[in-house]
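Data first, discussion second: the structure below is written as structure tokens.
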Number of protein chains: 2
Amino acid sequence: MNKSSQCEASEMLKRAGISPSYQRIMVLSALLETDEHPSADTIYKKLGSNIPAISRATVYNTLNLLVDRGVIQSMRTAGSETRFDSICEAHSHFFCRKCKKIYDIAKQIGEIKTELDGHLVESQEFVYKGLCRECREEMKK
Amino acid sequence: MNKSSQCEASEMLKRAGISPSYQRIMVLSALLETDEHPSADTIYKKLGSNIPAISRATVYNTLNLLVDRGVIQSMRTAGSETRFDSICEAHSHFFCRKCKKIYDIAKQIGEIKTELDGHLVESQEFVYKGLCRECREEMKK
DNA sequence: TCAAAGAATAGATTTAATCTAAATATAGAT
DNA sequence: ATCTATATTTAGATTAAATCTATTCTTTGA
Ligand SMILES: [Mn+2]
Ligand SMILES: [Mn+2]
Ligand SMILES: [Zn+2]
Ligand SMILES: [Zn+2]
């Protein structure tokens, strides 16, 4: 929907050596426009109203390709669906056990490990779980 | 298989107010005997060789019940299956992207948050991902 | 001894994700 | 411009983890 995010998406694709097809631009652009860490199906439904519509397989293919190329990241921690994040720079997440929303948390300062017990560390993240602000308010009522 | 882990499992179930049926003892006991963070199906297969065998549904039911009661913990970060951990005390994990093994990492000292941006923090963990010791060795060959 | 509640079970169902095989689109060569 | 090879998209079939359903078995305690 948003012209500037489509432009940004196109640039990101080119930079990653992925040809910027209409469908790929639409998928990445949809992800860039939100901070809600949507699932593949959420993105598919969001794009479904567009003409021409995009196949579900293409949404999955594109997201997986982008993850493989390190353009976006995915997480399987909350709920049953894999969720996606257009921001790859290190930051933390808070997962709400009730509404399944995922919130960004500013990166905590801490030692960055490259090795741990002989294992090669490629990424590290602080994961917080609990009840989010909104759900806490709901509970009070 | 192991008598002492069955005894421990039985005690844990009683302490959590869950009646210690044969099946529940077998499931929890199997989880106590390993540090490999097995999936429900791994536990099911391990128990399958026992007589009498246990239903897959019972394995899932028991594990979910134990997670709900806070006796064990589950994680959905590596591979496609949910993995289980009999250790609930705070510790970190390393996930190998290649072999999907999960390794325990001693808890890093760090500030324990109870609130973050207004969200109620119930648990927090450092998550490490990369290539494990064994897989690194494999690669060298 | 019997009724009611608690557990376990096999198999059906759901659902996220992947796979398949065919159709379209794109790019490079002639 | 036309042809050809490659890349991309697609709808629908398939897979696999997890849950659900409806029945059977077990335990408890009146
Ligand atoms: Mn994020
Ligand atoms: Mn562990
Ligand atoms: Zn919430
Ligand atoms: Zn490994």
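Note on naming: letters A, B, ... go to the chains in the order of the sequence lines (proteins, then strands), and numbering restarts at 1 for each one. None of these values were measured; they are calculated from a predicted model. Values below: all heavy atoms of this structure, side chains included; hydrogens, waters and symmetry mates excluded.
Using bins of under 30°, 30° to 60° and over 60° for the plane-to-plane angle, the ring pair His119(A)/Phe94(B) lands in the parallel bin.
Taking only side-chain atoms of Arg24(A), from C-beta outward, the nucleotide of dG11(C), dA17(D), dT9(D) with the closest atom is dT9(D).
Each of Asn61(B) and Glu81(B) lies near DNA chain D, and the nucleotide nearest Glu81(B) is the one positioned closer to the 5' end. When each of Asp41(A) and Ile54(B) is assigned the nucleotide of DNA chain C bearing its nearest heavy atom, the one mapping closer to the 5' terminus is Ile54(B).
A donor-acceptor contact closer than 3.5 angstrom is absent between the side chains of Thr58(B) and Gln23(B). Side-chain atoms of Arg24(A) and Ser19(A) form a donor-acceptor pair, as typed in the model, at a separation below 3.5 Å.
Between Glu134(A) and Lys101(A) there is a salt bridge, since a side-chain N of the basic residue sits under 4.0 Å from a carboxylate O of the acidic one.
OP1 or OP2 of dA17(C) lies within a sub-4.0 Å distance of a side-chain N or O belonging to Thr82(A). Between Gln23(A) and dT10(D), a side-chain N or O to OP1/OP2 separation shorter than 4.0 Å is present. For Ser19(B) and dA7(C), the shortest distance from a side-chain N or O to OP1 or OP2 is below 4.0 Å. Taking 4.0 angstrom as the limit, Ser21(B) places a side-chain polar atom (N or O) nearer than this to OP1 or OP2 of dA8(C). At the phosphate of dT18(C), OP1 or OP2 sits under 4.0 Å from a side-chain N or O atom of Asn64(A). Residue Arg56(A) has no polar side-chain atom (N or O) positioned under 4.0 Å from OP1 or OP2 of dG12(D). Proximity of Tyr60(A) to the phosphate of dA17(C): a side-chain N or O atom is located under 4.0 Å from OP1 or OP2. Between dT15(C) and Ser80(A), no contact under 4.0 Å exists linking OP1 or OP2 to a side-chain N or O.
Atom CZ of Arg83(B) is separated from atom C1' of dA16(D) by 16 Å (rounded to the nearest Å). Across the protein-nucleic acid pair, Tyr22(B) atom OH and dT9(C) atom C1' stand 15 Å apart, rounded to whole Å. Remark: C1' of dT18(C) and CZ of Arg76(A) are 13 Å apart, rounded to the nearest angstrom. Counting to the nearest Å, the P atom of dA8(C) and the CD1 atom of Ile25(B) are 10 Å from each other. For Leu65(A) and dC19(C), the CG to C1' distance is 17 Å, given to the nearest whole Å. In this structure, the CD1 atom of Ile43(A) is 14 Å from the P atom of dA16(C), given to the nearest Å. One atom, CD1 of Ile18(B), and another, C1' of dT27(D), lie 17 Å apart when rounded to the nearest Å. dT8(D) atom C1' lies 17 Å from atom CG of Leu28(A), rounded to whole Å.
Side-chain atoms of His91(A) never come within 3.5 Å of backbone atoms of Lys107(A) as a donor-acceptor pair (strictly under, hydrogens ignored).
When heavy atoms are screened at a 4.0 angstrom cut-off, Thr58(B) is found touching base atoms of the nucleic acid.
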